[in-house]
J.: 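Please see the structure below; I have some questions.
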Amino acid sequence: MGATRGMALVLAAALLVALLAPPVLAAVLEVGSSGGDVTAVQKKLIQWGYLTGSADGKYGEKTREAVRTFQRRNGLSVDGRVGPATAAAMGLTLSGGGSTGGGSVAASATIISADHRLLSRLVYAEARGESYKGQVAVAAVVLNRVASASFPNTISGVIYQSGAFSCVSNGSINNTPNSTAIRAALDALNGWDPTGGCLYYYNPKATGDKWIRTRTIKTVIGNHSFAV
């Protein structure tokens, strides 16, 4: 009887501690936050063209407005704060620290849409041996085609256009992408275009296609030449 009563007292004490303990807050960055996590967010915003200047690690009004623009263009709640949903859309994971910015930011490899999944598979199939920038560049070519009147106006339409990509004909488009390809596809979706608007890419060591060699090369990244 005494043991049962003692256990009941222990459980009651544990419950009381749990009720009195401060709640664990989801990490949120907002005006007034500072540190390396803010710097990581700013670097993304600068890379995608939403923010000008340097990444100083201080969440001020310019950063808030850049976040609001990013949120508006990505169909997110427009509050100028970087919480879990906005961070995920940026390809980042926030942890700890709450609104003071004392936590840390890590790269996230979360698929956020069907288009993102398909583009990630294309990047993995076509460029998994390339540098990160080279993988983003391949994804950017797909998106540049979507924006061009000369190609289908959807990601799936561009990727599955007859003869457009060898990975479709050989079936490797169906392979599961790794985390690097997933992040590279998201960076391209969010606006990073290392190619400067190119519509084509090819490996000159691996293709005998004469037509593609007639295109004007704008840049070379790794094994790929990017052209218009």
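Heads up: numbering here begins at 1 and tracks the sequence.
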J.: Nearest 0.5 Å please: distance from the CG atom of L119 over to the OG atom of S156.
T.: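 These two atoms lie 11.0 Å from each other.
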J.: Main chain of G196, side chain of K218: is a donor-acceptor contact present, judged purely on distance under 3.5 Å?
T.: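 Yes; judged by distance alone, with no hydrogens or angles, the pair exists.
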J.: Looking only at atom types and distance, does a side-chain atom of Y132 sit under 3.5 Å from a main-chain N or O of A184, one as donor and one as acceptor?
T.: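 Indeed, once roles are kept as given, a pair shorter than 3.5 Å links the two residues.
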J.: Would you confirm whether R213, through its side chain, and T207, through its main-chain N or O, come within 3.5 Å as a donor-acceptor pair?
T.: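 Looks like yes, one N/O pair under 3.5 Å.
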J.: What's the spacing between T69 OG1 and N74 CG if we round to 0.5 Å?
T.: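 That separation rounds to 11.0 Å.
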J.: Just by distance, no angles: are the side chains of S113 and D115 close enough, under 3.5 Å, to form a donor-acceptor pair?
T.: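 S113 vs D115: no donor-acceptor pair found between side chains.
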J.: Hey, does T180 have a side-chain heavy atom less than 4.5 Å from the side chain of Q135?
T.: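 Side chain of Q135 against side chain of T180, heavy atoms only: contact under 4.5 Å found.
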J.: Nearest 0.5 Å, what's the CD1-CG distance between I173 and L122?
T.: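 One finds 4.5 Å between CD1 of I173 and CG of L122.
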J.: Testing the basics here: between D193 and A140, what is the closest heavy-atom pair and its distance to 0.1 Å?
T.: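 What the structure gives for the nearest pair is OD1-CB, 3.3 Å.
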J.: Can you tell me which residue among I111, D187, I112 is in a side-chain contact (heavy atoms from CB on, under 4.5 Å) with I182?
T.: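 Single side-chain contact (heavy atoms from CB on, under 4.5 Å) partner of I182 among I111, D187, I112: I111.
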J.: Determine whether the aromatic ring centres of W211 and Y202 lie less than 6.0 Å apart.
T.: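 Between Y202 and W211, which both carry aromatic rings, the centre distance is not below 6.0 Å.
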J.: If you take all heavy atoms of Y50 and N190, which pair is closest and at what distance?
T.: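 Shortest heavy-atom contact: CE1-O, 3.7 Å.
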J.: With a 3.5 Å distance limit and no angle check, can you tell me whether Q47 reaches the backbone of W192 through a side-chain donor-acceptor pair?
T.: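 Flag not set: sc Q47 to bb W192 has no pair under 3.5 Å.
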J.: With hydrophobic residues grouped by side-chain heavy-atom distances under 4.5 Å, do L189 and V123 end up in a single group?
T.: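 No.
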J.: Is the backbone N or O of S54 less than 3.5 Å from a side-chain atom of Q42, with the two atoms forming a donor-acceptor pair by type?
T.: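 It does not hold such a pair.
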J.: May I ask whether V136 and M90 are part of the same hydrophobic cluster, defined by side-chain heavy atoms of I, L, V, M, F, W, Y residues being less than 4.5 angstrom apart, directly or through others?
T.: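 Hydrophobic grouping puts V136 with M90.
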J.: State, yes or no, whether a side-chain contact exists between F165 and V158 at a heavy-atom distance under 4.5 Å.
T.: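 Touching, per the 4.5 Å side-chain cut-off.
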J.: Do V138 and W48 sit in the same hydrophobic cluster, where Ile, Leu, Val, Met, Phe, Trp and Tyr count as joined when their side-chain heavy atoms come under 4.5 Å apart?
T.: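 Not linked; separate clusters.
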J.: Any non-hydrogen side-chain atom of L199 less than 4.5 Å from a side-chain atom of F151?
T.: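 A side-chain contact exists here, since the closest heavy-atom pair is under 4.5 Å.
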J.: Can any side-chain N or O of S120 pair as donor or acceptor with the backbone N or O of H116 at less than 3.5 Å?
T.: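 Yes: the side chain of S120 pairs with the backbone of H116.
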J.: I'd like to know if the side chain of N144 and the backbone of C198 have a donor-acceptor N/O pair within less than 3.5 Å.
T.: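 Flag set: sc N144 to bb C198 pair under 3.5 Å.
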J.: Just list the side-chain donor-acceptor pairs under 3.5 Å for residues 221-228, sequence neighbours left out, or say none.
T.:
| residue | atom | partner | partner atom | Å |
| --- | --- | --- | --- | --- |
| N223 | ND2 | E130 | OE2 | 3.0 |

J.: If you measure from the Lys or Arg side-chain nitrogens to the Asp or Glu carboxylate oxygens, is any gap between E65 and R68 under 4.0 Å?
T.: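 Result for this pair is yes, salt bridge flagged.
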J.: Between CG of L118 and CG of N174, what distance do you get to the nearest 0.5 Å?
T.: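 Spacing of CG (L118) from CG (N174) equals 9.5 Å.
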J.: Identify whether L29 and V78 are in the same connected component of the hydrophobic contact network (ILVMFWY, side-chain heavy atoms under 4.5 Å).
T.: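 Cluster IDs for L29 and V78 differ.
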J.: Should the pair R121 and Y124 be classed as cation-pi, given the thresholds of under 6.0 Å to the six-membered ring centre and 45° from the axis?
T.: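 Not satisfied by the 6.0 Å and 45° rule.
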J.: Looking only at heavy atoms, which two atoms of A89 and L76 are closest? And how far apart?
T.: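 Minimum heavy-atom contact is CB-CD1, 3.9 Å.
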J.: Counting only N and O atoms by type, is there a donor-acceptor contact under 3.5 Å from the side chain of T39 to the main-chain atoms of G35?
T.: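 Yes; judged by distance alone, with no hydrogens or angles, the pair exists.
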J.: Any chance you could measure S166, atom OG, to E126, atom CD, to the nearest 0.5 Å?
T.: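 Result: 4.5 Å between the selected atoms.
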J.: To the nearest 0.5 Å, what is the distance between OG on S172 and CZ on R128?
T.: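 Output value for this atom pair is 6.5 Å.
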J.: If you take all heavy atoms of V146 and N153, which pair is closest and at what distance?
T.: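 Minimum heavy-atom separation between V146 and N153: CG1-O, 3.4 Å.
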J.: Report yes or no: do L143 and F70 belong to one cluster of Ile/Leu/Val/Met/Phe/Trp/Tyr joined by side chain heavy-atom distances under 4.5 Å?
T.: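 No, L143 does not connect to F70 through the hydrophobic network.
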